[in-house]
Number of protein chains: 2
Amino acid sequence: MDELDTAILRQLQEDARQPNRAIAQKVGIAPSTCLERIRLLRQRGVIRGYHAEVALPALNRSVQAMVAATVRPLSREVVAEFERSVSRLPEVLSVYTMAGSDDFLVHVTAQNIEHLHAFLLDRFTERREILSFRTMIIYQHLTNQVLDPLPPPSDSVTR
Amino acid sequence: MDELDTAILRQLQEDARQPNRAIAQKVGIAPSTCLERIRLLRQRGVIRGYHAEVALPALNRSVQAMVAATVRPLSREVVAEFERSVSRLPEVLSVYTMAGSDDFLVHVTAQNIEHLHAFLLDRFTERREILSFRTMIIYQHLTNQVLDPLPPPSDSVTR
DNA sequence: AATGAAATTTTTGGGCC
DNA sequence: GGCCCAAAAATTTCATT
C-alpha cells in the first residue's frame, strides 16, 4: 500500500469503469503497470469488488429509515439468525450489529411512509426475539465514496 | 424500468466491471442492445456511478462506530454546515440526517479504539453547535449490494 | 517492478429487421 | 426497440530492461 496504490484506489472508488489507460495516465505510470497493481490489489483483498450505485427513488425507494432494535436472548444464535434473515429482506440496505443499548441498527427503504409502516408491522412486530424497536426517519444520507488509508497506528512506527 | 433493466442493474450492482458482453449473455440480449440500455440507465440517472469497494482493515480502519449527535440551534444553516464539514472528515464514511431524538448519525472509522477516542475529542467535543453525542461501537456491518426495484406504490396502479 | 509493443477481446455505431 | 456486423478502442500478455 504505497502512494501509487492509494492513488489507484482513489480512482477506482471514484469511477470503477474508467479505462485502465485513463487511471494509468492520471497516476503517472504505464497502463500495464497499472493493470498489474490493480490485479494485486484485488488478489490481496484490498479491492473487494466493483458495484454500480443506483438512485433509490428510481427503485421505488423514496423513504429511508433507521430501525434500532433490541433482541433477547442476546445469544450467538439469535444474533446470527437476526443478521442473516433481516439482511435478506428486500427493503433492507444494511444491518449494523452494535455494542450499546441497541443491539442492531437496520437501514431500510420503502416506497413511502405507508409501506414502511406495513413493512415494520409485518417483519418486526411479529418476530418473537425482538424485544423492542424504534424507527427514525432519515431525511438525508451523505456518503463518502472515496476513502484513503488512514496513517498507520502510531504503535507500528515506534515499536 | 422493465424486467430487462432490472436484470441489467442487478448484474452491474454485483460486478460493475464485468464485460458488457457477459451481461448481455446473462440477461439474454445482444451486446449492442445491452449497451444501449446501460447508456439510457446512466442518462436517466438510475445508475449514479460505479465504485470500487475497499476492505476497511486494508485502509487502517479496523474500528467502526456510529455517533449519534444532537446540535443546537437546529436551523437550516447549522444542519447544512454540520453535514458539509463532518462528511468531509477522513474518518467519516457517511452522515445520516435524522428525524427523532438524534439529529445525526455519523458512521466513522478509525485505526483502533484510541484513535477513535482521539478523533471524537478533537472533532466533536470541541464543536460549539454540538449539544451532545453518544458513541456506539459497530461489531459488524452487513450490506446488501444488490437492490431490486420495489413494487410500485399501490396508488399508482389503482388510481 | 516497470515498460512498450503485439495479440486478443471488448466496445461502439450504422444499417436493417 | 432489438439485432448483426465491421471499425475503433481497450485490455491483456509478454519479452526486455
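Throughout, protein chains are lettered first and strands after them, A, B, ... in sequence-line order, and every chain is numbered starting at 1.
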Using modelled atom types only, decide if a donor and an acceptor are shared between the side chain of B/N144 and the backbone of A/P90 within a distance under 3.5 Å. no
Between A/L89 and A/V108, is there a side-chain heavy-atom distance shorter than 4.5 Å? no
Give me the one residue out of B/V78, B/D103, B/I130 that meets side chain to side chain contact (heavy atoms under 4.5 Å, CB included) with B/R72. B/D103
Compute whether any side-chain donor of one residue and acceptor of the other, for B/R134 and A/S101, lie under 3.5 angstrom apart. no
Rounded to the nearest Å, what distance is computed from the CD1 atom of residue B/I38 to the C1' atom of nucleotide C/dG13? 16 Å
B/R88 atom CZ, neighbour heavy-atom count above 12 within 6.0 Å: no
Between atom CZ in B/R42 and atom P in C/dT11, what is the gap in whole Å? 15 Å
Could you check how far CZ of B/R37 sits from P of C/dG13, rounded to whole Å? 19 Å
Those residues that, when tested against B/H141, pass ring pair (Phe, Tyr, Trp, His ring centres under 6.0 Å) (two or more places apart): A/Y96, B/H107
Is A/T33 close enough to C/dA1 that one of its side-chain N or O atoms is under 4.0 Å from OP1 or OP2 there? no
If I take atom CD in residue A/Q25 and atom P in nucleotide C/dA2, what distance separates them, rounded to the nearest angstrom? 18 Å
Please name all residues satisfying side chain to side chain contact (heavy atoms under 4.5 Å, CB included) with B/Q25, sequence neighbours left out, ordered by chain then number. none
Could you check whether any side-chain N or O of B/Q13 sits under 3.5 Å from a backbone N or O of B/L9, counting only pairs where one atom can act as donor and the other as acceptor? yes
Starting from the first five and the last five pairs of the helix from C/dA1-D/dT17 to C/dC17-D/dG1, work out the angle between the resulting helix axes, to 10 degrees. 30°
Verify the neighbour count for atom CZ of B/R17: are there more than 12 heavy atoms of other residues, nucleotides or ligands below 6.0 Å? yes
Taking any heavy-atom pair under 4.0 Å as a contact, classify B/L40: base, sugar-phosphate, or nothing. nothing
If the sugar-phosphate is the primed atoms plus P, OP1 and OP2 and the base is the rest, what is the B/S/- string for nucleotides 10-17 of chain D, using protein heavy atoms under 4.0 Å? SSBB----
Considering only heavy atoms from C-beta outward, does the side chain of A/I137 approach that of A/I113 to under 4.5 Å? yes
The ring pair (Phe, Tyr, Trp, His ring centres under 6.0 Å) partners of B/F82 (sequence neighbours excluded) come to B/F104
Measure all distances between protein nitrogen or oxygen atoms and nitrogen or oxygen atoms of nucleotides 15-17 of chain C, and list the pairs falling under 3.5 Å.
none

